[in-house]
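Start at 1 and go down the list; that is how both ligands and their atoms are numbered. What you are looking at is a predicted structure, and each value in this text was computed from that prediction instead of being measured.
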Amino acid sequence: MSDTVTRFAPSPNGLLHAGHALSAIIAHDTARQRGGRFLLRIEDIDITRARPEFAAAIVEDLGWLGLSWEEPVLVQSQHFPEYLAAADRLIAQGLLYPCFASRADIAAAADPARTDPDGAPLYPGLWKNADAAAVAERIGKGETPALRLDMQAALQALSHKLSGAPLTFTEIDADGTPRQIVADPARWGDAVIVRKDVPASYHLAVVVDDARQGVTLVTRGADLFAATDLHRMLQVLLDVAEPRYSHHRLICWSDGRKLSKSNGDMGLRALRAEGANAADVRRAIGLAEAVPDGSSR
Ligand code: GLU
């Protein structure tokens, strides 16, 4: 039994497509090949989009793919107090500030030439140095703020914690070669750590859960590579263990577009309706045949 712990962490905002199958199978097979553990985590903090019926369908589709995981499955919406406790630790370090800006406020004030690595407008600092009276007034009106990471303050705290050493992570390439990557969290604006509508955010919840579940190898799509810079920063600021990362290729349409929730023919349900089985899906996404549990390669 090795100490490798991997996870598949889908957001139940829709049905799984071939890209999810690639993520899930890589995480599963890596754990199985090493005699490690494979976990499933339902990332349903986005209560405006997540639906229990999608979570149930995901579990069913993963079973159809021939995957098995440890129980219990961690369901993020059942753990809001833990995310808030982590946010409190950042507040205690003076690293979060309240922000009442709407998407429209941000779009109106943002510099169109400057975006976060995921393409969203770079937060233009609207509430960064807001005075206490303005904050109190909005709270008095019953509004709930988002809490944003003060990137400048966070970089300082990070430099102190790392004694000036660079922030890095280990990326395992598809051929198994480890590479040391220097993270650059400063290319992100002041990220939302606690949303207005939900007492958590993706970046906070993923860091809290990878740590508490003891995940040692985060396998996920290359579209989340840049987010790792922020995740590593939060791991250091929260004093939690550092997993290794392996960001895999994305499955795209032949014209290069990414698969999305409206996945048409590449949806697992559609493939299944056409008579495909799990081995066909593996072949279609360029993966080897299933390996028996516990075998080593
Ligand atoms: N829940 C995220 C998604 O479905 C994945 C997060 C992760 O693997 O870190 O895109």
Taking S159 for its side chain and L155 for its backbone only, find out whether a donor-acceptor pair lies under 3.5 Å.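 Side chain of S159 to backbone of L155: no pair is present.
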Can you list the residues that meet the ring-ring contact (aromatic ring centres under 6.0 Å, His included) rule with H247, with sequence neighbours excluded? F225, Y245
Going by the atom numbers of ligand 1, which of them fall below 4.0 Å from some non-hydrogen atom of [X]?
X    : value
Y202 : 6 (C), 7 (C), 9 (O)
S11  : 1 (N), 2 (C), 3 (C), 4 (O)
E43  : 1 (N), 2 (C), 5 (C), 6 (C)

With side chain to side chain donor-acceptor pair (under 3.5 Å) as the test, pick out the partner of D210 among R41, H231, Q235. R41
Please state which part of V218 comes within less than 4.0 Å of ligand 1, counting heavy atoms only: side chain, backbone, both or neither. neither
Heavy-atom contacts under 4.0 Å between R7 and ligand 1: side chain, backbone, both, or neither? side chain
State the OG1-CG distance between T219 and L224, to the nearest 0.5 angstrom.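 Spacing of OG1 (T219) from CG (L224) equals 11.0 Å.
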Salt-bridge present (E143, K141; N to O < 4.0 Å): no
N/O separation below 3.5 Å, V206 to ligand 1: no
